[in-house]
Amino acid sequence: MHSSARAVLTPIPALSDNYIWMVQKNGHALVVDPGEPGPVEALLHDGLILDAILITHHHGDHVGGVRALQQRTGARVYGPRHENIPACDVPLAEGDTVDLPGMGLQFRILDIPGHTAGHIAYTGPLDPDRSAVFCGDTLFAVGCGRLFEGTPAQMLDSLDKLAGLPPDTLVCCAHEYTASNIRWALQVEPDNAALHARARDVTQLRAQNLPTVPSSIGLELQTNPFLRTRQATVQAASAQYAQSSLDTPQAVFAALRQWKNDFR
Ligand code: ZN
Ligand code: FE
């Protein structure tokens with residue numbers, strides 16, 4: 001077998017602004033969060049076997065394609081143990097691993113509640129020198145998911161867990177929200193040089209209709225306000241927005257999340 005081939009990592013545009021992540025290796029493939037089947041089916045062919053469908057959380061724009069793809073390909077469906085996922089074969093929680101021998105890949109599971117109560121992430125190497133995290137709607141490029149089923153403290157813990165991954169870990173999130181996230185983040189940190197540089201990069205990519213992801217943990221640590229609640233600049237801006245002194249990272253996070261919700 002071609003076990004020395006490198007994995008091919010592809011964000012497949014779906015629905016209005018979702019990405020379905022595909023990893024191909026050795027003639028086998030996995031997809032993450034197929035919100036609809038069509039864009040994945042268009043890439044399947046006789047030489048490519050879909051082994052696995054990995055689900056991060058139960059929202060329709062992440063699971064809408066599961067049944068059709070599972071029926072067509074027989075792929076195994078992996079998903080969060082504590083959520084109701086269509087056709088789920090393998091329920092997962094933190095501490096579990098996903099073994100995909102056809103692709104020579106293994107992922108570990110992280111519990112990252114906040115956007116939904118049972119949201120999980122999958123992380124592990126794609127190649128010996130390249131790791132990724134599939135984090136659904138928890139961490140976005142320069143943003144984070146809304147708190148539909150969790151508290152600010154839970155979400156901050158989840159983001160801290162992701163922030164603790166090695167800085168070169170590729171952040172494979174599920175939506176193209178980067179440009180509008182950056183417009184907001186520049187209000188929070190108008191003097192952040194790394195954020196301005198990223199704004200230029202993202203403007204160029206979107207002008208060519210190209211994805212702005214994957215990001216990396218290191219880039220998020222430099223530019224994502226939600227990973228920067230312990231920075232004096234972010235604390236001061238959040239306190240001014242909330243019109244109150246914010247004494248803890250949780251309070252800073254809650255104010256940032258409200259600010260982002262209000263931002264147009
Ligand atoms: Zn969601
Ligand atoms: Fe979503």
Side-chain angles (χ1 to χ4, degrees), residues 9-23 30-40 53-70 77-88 91-94 107 109-123 132-159 161-162 170-182 184-185 202 206 211-215 220 224 226-227 253-254 256-258 260-261 263:
L9 175 68
T10 311
I12 307 170
L15 301 171
S16 57
D17 50 30
N18 281 71
Y19 288 121
I20 302 167
W21 287 93
M22 177 179 264
V23 180
L30 67 81
V31 291
V32 184
D33 287 354
E36 57 177 343
V40 176
I53 299 169
L54 311 184
I55 302 298
T56 63
H57 69 292
H58 67 86
H59 286 159
D61 62 313
H62 299 252
V63 304
V66 170
R67 284 189 193 281
L69 287 173
Q70 203 255 3
V77 179
Y78 299 79
R81 177 182 302 276
H82 302 295
E83 296 192 354
N84 195 6
I85 305 298
C88 188
L92 299 165
E94 185 153 319
F107 297 105
I109 305 305
L110 304 174
D111 286 332
I112 50 168
H115 177 67
T116 63
H119 199 305
I120 61 173
Y122 301 77
T123 188
V133 61
F134 298 98
C135 53
D137 287 355
T138 298
L139 176 61
F140 291 128
V142 200
C144 76
R146 287 176 186 262
L147 305 184
F148 289 118
E149 300 175 9
T151 65
Q154 273 181 323
M155 189 62 152
L156 185 59
D157 280 350
S158 296
L159 292 170
K161 203 181 278 187
L162 296 172
L170 298 173
V171 174
C172 302
C173 58
H175 288 273
E176 180 61 66
Y177 291 157
T178 316
S180 70
N181 287 347
I182 287 176
W184 167 75
V202 164
R206 294 312 291 155
T212 63
V213 291
S215 170
E220 294 309 317
N224 188 329
F226 293 109
L227 298 190
F253 177 82
L256 283 173
R257 191 56 260 180
Q258 187 59 50
K260 181 66 171 67
N261 290 353
F263 183 76

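All ligand and atom numbering here is 1-based and tracks the order in the structure. Any value given below was found using the heavy atoms of this structure, including those in side chains, with hydrogens, waters and symmetry copies removed.
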**Message:** Could you report the tightest heavy-atom contact between Val77 and Pro86, atom names first, then the distance?
**Reply:** CG1-O, 4.0 Å
**Request:** Starting at CD1 of Ile120, measure out to OG1 of Thr56 and round the result to the nearest 0.5 Å.
**Result:** 7.5 Å
**His59 ND1 and His115 NE2 subtending at the Zn ion (ligand 1) (10° steps)** = 90°
**Item:** Output field: ring centroids His62/His175 closer than 6.0 Å
**Value:** yes
**Request:** Give a yes or no on whether His57 keeps an N, O or S atom under 2.8 Å from the Zn ion (ligand 1).
**Result:** yes
**Request:** Please check if any side-chain donor atom of Glu149 sits under 3.5 Å from a side-chain acceptor atom of His58, or the reverse.
**Result:** yes
**Fill in**
Between Asn181 and Val142 the two heavy atoms that sit nearest each other are CB-O, 3.4 Å
**Heteroatom N/O/S of Asp137 within less than 2.8 Å of the Zn ion (ligand 1)** = yes
**Prompt:** What are the two closest heavy atoms between Ile20 and Asp33, and how far apart are they?
**Reply:** CG1-O, 3.6 Å
**More than 12 heavy atoms of other groups within 6.0 Å of Asn84 CG** = no
**Asked** With a cut-off of 2.8 Å, which protein N/O/S atoms are close to the Fe ion (ligand 2), if we only count those under it?
**Response** Asp61 OD2, His62 NE2, Asp137 OD2, His175 NE2
